[in-house]
Number of protein chains: 2
Amino acid sequence: MAVTLSDVAREAGVSLATASRAINGSPTRTVRADLRDRVLAAAERLRYTPDANAQAVARGRTTSLGLVVHDIADPYFSSIARGVTHAAGRAGLQVILASTEQDPSRELEIVELLRRQRARAIVIAGGRHDDADATAALAAVLAEYRDSGGAAALVGQPVLGTDTVQIANADGARALARELHARGYRDVAVLAGPPTHLTARERREAFVDELARLGVRVPDERVVAGAFDHDGGADAMRSLLAAGPVPELVFAVNDVMALGALTAVRAAGLGVPDDLALAGFDDITTLRDVVPGLTTVRIPLEEVGVAATELALEPAGGAPRVVPVETHVTIRESTPARG
Amino acid sequence: MAVTLSDVAREAGVSLATASRAINGSPTRTVRADLRDRVLAAAERLRYTPDANAQAVARGRTTSLGLVVHDIADPYFSSIARGVTHAAGRAGLQVILASTEQDPSRELEIVELLRRQRARAIVIAGGRHDDADATAALAAVLAEYRDSGGAAALVGQPVLGTDTVQIANADGARALARELHARGYRDVAVLAGPPTHLTARERREAFVDELARLGVRVPDERVVAGAFDHDGGADAMRSLLAAGPVPELVFAVNDVMALGALTAVRAAGLGVPDDLALAGFDDITTLRDVVPGLTTVRIPLEEVGVAATELALEPAGGAPRVVPVETHVTIRESTPARG
DNA sequence: TTGTATGCGTTATCAT
DNA sequence: ATGATAACGCATACAA
C-alpha cells in the first residue's frame, strides 16, 4: 500500500542510502546531480512520501510540539493557540493540540502523552492553581520530560521551575483599578474566579489592593468566588445580585466571565452600563466591537503564544527564564465616567 | 538519555518480547502474572515511556488525527476544534492542529504534511471555494491519502469525493429571510463574503432568493463582496454605507463578519438596532450574551466537529457519505420588529 | 560520490 | 508462556 524509500531506490536504480541522501539532503554527504534527479523523479512518479515516524525513530527526534490548553473554544486559549501554531510552523514543527477539558488534573496525563510522542517541546497555556501537590507532580513530570530531552514553556506563573511567559496581571489590575477609581466608581464588587487559581488571584488581589490604597474598600461579601469560565461569571453575578444591592461597578477577572455576568445581569432585568458598570480582563478579540464595548485589560495573546513557543524552542540555559508581557488598560463604554 | 524497552527487559530479567507483551498487552499472547508485575515494576522504576513513533513504525499505524482550519482564533473553527479534540480523545487519538492561516492554497501542503505524519484521519474544517483547479488538486491529494490508508472528512460541501458533514446553510438562510421579512424588513443589504466561497454563496443565494420569493428584491449594488472574516465584514459595511442610504437591515453571511460590520457602523456614528438592523450566521458562543444580542442562525459547531471526526474514523463504505446538520434561526435584539 | 551494513525502538513471527 | 529474531522505514558510520 504505502510506497517506501526502498521502492524509490529500486525504481531509480540506486541504493537506499543514495535515495535517502537525494531526498532529504544529508547534512554532510552530497549526491551527484543526475542521480539526484533520477531519485526525485522516481519519488515523484511513485508519489513517495517520507514516513515522519520512521524518520523520528532513525533521527532520534520528532518535528512536533505539544500545546496544552484547558478549552480550545475559549477565546483566550484559541488566540494563544494561533500564536503557537504560527511560531511552530515557522520552526517547521507540527502542533499536537491537547485539551484538559477544564480538568487540571489531566495535565499530568497529557504531558505523559506528549512525552510518548517525543514532542520536541511543550507549551502549557493554562494557568496554575495554588495546589502544592498538583504543582509538584506536574513539575516532576516536566523535569522528567526535560531530562529525556524535551523543552517546556509555561504561560502564567513561574512556579514549575520551567521557562515561563509571565503576564503582568497585577500591574494591569492595578492600572484598571486606578482608571476606574478616577472615573468615580466607589461601590465595587469583584467576580473573583476560583480562590486557588493563581491568575485569578493575582488580578483580584491587585485590583482590590489598589482600590484600598485609593481609599475604597471592597467588602468581603462583595468578592464572589466561582469558576474561571462563562458559567462561573454568570453564577457569581447571580449570587451577587441576590445577596445585596446592585453595585456601581463589577470587575470580572476575565472577559469570558464578564460575558457570563452580562447574561445574569440581563436575566435580572438590568443593563450595562445603565444599571451597573462592568469590566473584564484579557481583551479577547471577539468582544472588541460589541455594543457596549467592554472595559478590559488587553493582553497580546497571540504574541504570548509566539513568545512561549520561541522560549520553549530556544536552547535552555541554566536557570528558568521568565519573559514578561505587558498589559494595557482599555476603557470602553461599559464603564462610563460617573456624573 | 531515553530509557528503552530493552532497558526495562534487562532490568526485569526477561526478554524484549515479554516486556513488550507485558506492557502493551499483545492482542493474542498473554503473560504470566508474576512476570508481568516484574516488568511493570521495572518500567515504573526506570520511568519508562513507550516511544509512540517507534510503535507507529512497528505497528504500521499511528494514533494521530489531523485537523486543518483556516484560523484557530476564529470562534467558528475553535468551536469545531473543541468537538474534534473531544471525539479524537475518546478514540485515543492525538490531534495535530494545522492552520492555513487564511491561505486556502496551503491546504495542499498541509494534507501532504499530515500524510507524512501518517495521520489516521484528517478533518478539514475550512469551506471550499468554487475553484475547479484547486478542488481537483485537493481531491487528488486526498485520494492519494485515502489510497495510502488514510481517511478524511470534510465540513462543508461534498465536492471532494470525501465523506462530508453538510451544514444546512441554505435552509438556515431561507428561514432567516422569512423571519426577518415577517418582522417587517424590506430594504435589505447583504455582506456576501467572497464570490467563490461556497458556504458564503449558499447563504447569500438562499437568503436573497427567499426574499425574492416573498416579493422583496435585493438590488445587486446592495450585495457587497468581501473577505469571509472580521475585516471583510468591516470593509464591506464601509463601502455599503459610503455607496448609498442606510439600509433597514444588513445580513452578514457569518457572525464574525457581522462583528466587523458593527465596527464600521459605529465608526460611521450609527448604532444597531437604532439606525439599522443586523443579522449574522453561525451563532458563535462568545456573542450570545452581548448587548444587543445578534440575530443569527445557529450551527451546533461542537457537534459538527464531533460528527466530522466520527465520520472520518468510521470504516468507510463505498460512496462518500454525507451527514446533514440542521441549523436554527435565533432572533435577538439586533433585528427588532419594525413598527 | 556511492553502496553496504548497522542501528533507531518497537511489534510480530516463529520456534521452543 | 517465553525467547530469539526478523521485520517496520529510515538515517548514517563505515567501507569502497
Side-chain angles (χ1 to χ4, degrees), chain A residues 1-40 42-43 46-64 115-120 148-150, chain B residues 1-40 42-43 46-64 115-120 148-150:
Chain A
M1 199 75 113
V3 31
T4 75
L5 191 55
S6 306
D7 300 329
V8 175
R10 189 174 334 107
E11 170 88 3
V14 301
S15 76
L16 184 62
T18 300
S20 173
R21 290 168 192 141
I23 288 186
N24 285 308
S26 160
T28 155
R29 306 296 183 181
T30 164
V31 173
R32 215 175 49 208
D34 59 323
L35 273 193
R36 189 169 49 72
D37 292 346
R38 242 168 53 206
V39 172
L40 263 38
L46 269 44
R47 300 265 35 189
Y48 165 76
T49 316
D51 184 325
N53 299 103
Q55 291 184 317
V57 175
R59 289 178 173 152
R61 64 197 149 79
T62 67
T63 64
S64 53
R115 188 178 166 213
R116 291 166 73 109
Q117 301 293 335
R118 301 297 188 262
R120 279 251 202 109
S148 66
Chain B
M1 199 76 112
V3 30
T4 76
L5 191 55
S6 305
D7 299 329
V8 175
R10 189 176 332 111
E11 172 87 4
V14 301
S15 76
L16 183 60
T18 300
S20 173
R21 297 194 269 252
I23 289 185
N24 283 309
S26 159
T28 153
R29 307 296 185 178
T30 163
V31 171
R32 215 175 51 209
D34 59 323
L35 273 195
R36 191 170 48 71
D37 292 346
R38 242 170 50 206
V39 172
L40 263 40
L46 268 45
R47 299 267 31 191
Y48 165 75
T49 316
D51 184 325
N53 300 105
Q55 290 183 318
V57 174
R59 289 177 174 154
R61 65 196 147 79
T62 66
T63 64
S64 52
R115 189 176 165 216
R116 291 167 74 109
Q117 301 292 333
R118 300 297 186 263
R120 279 250 204 110
S148 66

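Since the structure is predicted, the reported quantities are computational estimates derived from the model, not experimental observations. Here is the naming used below: chain letters follow the sequence lines, and residue numbers restart at 1 for every chain.
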- request: Write down the distance between CZ (A:Arg116) and C1' (C:dG9), rounded to a whole number of angstrom.
  value: 13 Å
Atom pairs and distances, donor-acceptor, side-chain atoms in residues 50-59 of chain B, under 3.5 Å, two or more places apart:
| from | atom 1 | to | atom 2 | distance (Å) |
| --- | --- | --- | --- | --- |
| B:Asp51 | OD1 | B:Asn53 | N | 2.8 |
| B:Asp51 | OD1 | B:Ala54 | N | 3.1 |

message: Going by the rule side-chain hydrogen bond (donor to acceptor under 3.5 Å, both in side chains), which residues pair with A:Arg10 if we only count those two or more places apart in sequence or in a different chain?
response: A:Asp7
field: Per-nucleotide pairing state of DNA chain D [Watson-Crick or G-U, under 3.5 Å; [ ] pseudoknot-crossing; | other strand]
entry: ||||||||||||||.|
- request: Could I get the full list of salt bridge (Lys or Arg N to Asp or Glu O under 4.0 Å) partners for B:Arg61, not counting sequence neighbours?
  value: none
message: Say we look at D:dA11 and D:dA15: how far apart would their P atoms be, to the nearest angstrom?
response: 22 Å
Name of the residue among A:Arg118, A:Arg116, A:Arg115 meeting side-chain hydrogen bond (donor to acceptor under 3.5 Å, both in side chains) with B:Thr49: A:Arg115
Approximate separation, where rounding is to 0.5 Å, of A:Arg32 CZ and A:Arg21 CZ: 13.0 Å
message: Please tell me if A:Thr18 has a side-chain N or O lying less than 4.0 Å from either OP1 or OP2 of C:dG3.
response: yes
Flag side-chain contact, heavy atom, 4.5 Å: A:Arg36 against A:Thr30: no
message: I need the B:Arg47 CZ to A:Ser148 OG distance, nearest 0.5 Å.
response: 10.5 Å
Sub-3.5 Å pairs of nitrogen or oxygen atoms, protein against nucleotides 7-11 of chain D:
| from | atom 1 | to | atom 2 | distance (Å) |
| --- | --- | --- | --- | --- |
| D:dC10 | OP1 | A:Tyr48 | OH | 2.6 |
| D:dC10 | OP1 | A:Asp51 | N | 3.1 |
| D:dC10 | OP2 | A:Leu5 | N | 2.4 |
| D:dA11 | OP1 | A:Asn24 | ND2 | 2.7 |
| D:dA11 | OP1 | A:Gln55 | NE2 | 2.8 |
| D:dA11 | OP1 | A:Arg59 | NH2 | 3.2 |
| D:dA11 | OP2 | A:Ser20 | OG | 2.8 |
| D:dA11 | OP2 | A:Asn24 | ND2 | 3.3 |

- prompt: Rounded to whole angstroms, how far apart are CD1 on B:Ile23 and C1' on C:dT10?
  reply: 11 Å
field: Distance in angstrom units between A:Arg10 CZ and C:dT2 P, rounded
entry: 20 Å
B:Leu35 CG to D:dG3 P, straight-line distance once rounded to whole Å: 7 Å
- line: With sequence neighbours left out, the residues meeting side-chain hydrogen bond (donor to acceptor under 3.5 Å, both in side chains) with B:Ser6 are none
